[in-house]
Amino acid sequence: MAPQLVWTRSVMSASTATPVQERAFALGWTIAPALAVDLPDGEVTLRLAVSSVPQRGTLTGSASGLVLSPSIGYRRLF
């Protein structure tokens with residue numbers, strides 16, 4: 001698990017008003033466990049990254065931003 005600093009930009013627009021923007025920095029966390037399986041020619045990797053950043057602002061309100069990023073890869077070893 002590691003800390004992360006995230007910059008967010010929120011924009012609200014309407015057809016009769018000028019757009020309103022909100023920018024903020026937030027401190028959150030990320031964790032990315034992985035598994036590698038050896039094969040004769042290389043390895044297959046499975047990874048799941050999870051990130052969480054709280055959002056507190058006039059436009060965003062008080063919410064939690066949660067991102068799940070699964071991935072699978074193959075690396076050929078020479």
Side-chain angles (χ1 to χ4, degrees):
M1 186 184 291
Q4 65 178 352
L5 183 62
V6 177
W7 179 75
T8 58
R9 178 178 170 261
S10 303
V11 178
M12 181 177 67
S13 62
S15 60
T16 59
T18 58
V20 178
Q21 295 187 18
E22 177 179 82
R23 295 177 177 90
F25 281 100
L27 186 61
W29 57 265
T30 185
I31 187 169
L35 172 70
V37 178
D38 288 333
L39 298 175
D41 292 355
E43 66 182 13
V44 174
T45 56
L46 304 170
R47 182 175 179 261
L48 175 64
V50 180
S51 298
S52 177
V53 179
Q55 297 179 349
R56 293 180 183 91
T58 305
L59 295 179
T60 60
S62 180
S64 175
L66 182 65
V67 178
L68 301 175
S69 304
S71 65
I72 185 169
Y74 176 76
R75 181 170 51 179
R76 184 169 176 165
L77 304 174
F78 295 100

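All residue numbers refer to positions in the sequence shown, counting from 1.
Taking a 4.5 Å side-chain heavy-atom cut-off between Ile, Leu, Val, Met, Phe, Trp and Tyr, the cluster of Val53 extends to Val6. Residue Trp7 is found in a hydrophobic cluster whose other members, listed by chain and number, are Leu5, Phe25; membership requires side-chain heavy atoms under 4.5 Å apart, directly or through intermediates.
Every pair tested for salt bridge (charged side-chain N to carboxylate O under 4.0 Å, His left out) that includes a residue from residues 26-36 fails, sequence neighbours excluded, so the list is empty. Counting only residues at least two apart or on different chains, no salt bridge (charged side-chain N to carboxylate O under 4.0 Å, His left out) pair has a member in residues 26-35. Screening residues 2-18 for salt bridge (charged side-chain N to carboxylate O under 4.0 Å, His left out) gives no qualifying pairs among residues at least two apart or on separate chains.
Residues Leu68 and Ile72 fall into different hydrophobic clusters, defined by Ile, Leu, Val, Met, Phe, Trp and Tyr side chains chained together at heavy-atom separations under 4.5 Å.
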May I have the list of side-chain donor-acceptor pairs in residues 31-52 shorter than 3.5 Å, sequence neighbours left out?
residue, atom, partner, partner atom, Å
Glu43, OE2, Arg75, NE, 3.2
Glu43, OE2, Arg75, NH2, 2.3
Ser51, OG, Thr30, OG1, 3.1

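For the atom pair CD of Glu22 and CE of Met12, the computed distance is 9.5 Å after rounding to the nearest 0.5 Å.
Applying the side-chain hydrogen bond (donor to acceptor under 3.5 Å, both in side chains) criterion to Arg76, with sequence neighbours excluded, gives no partner residue.
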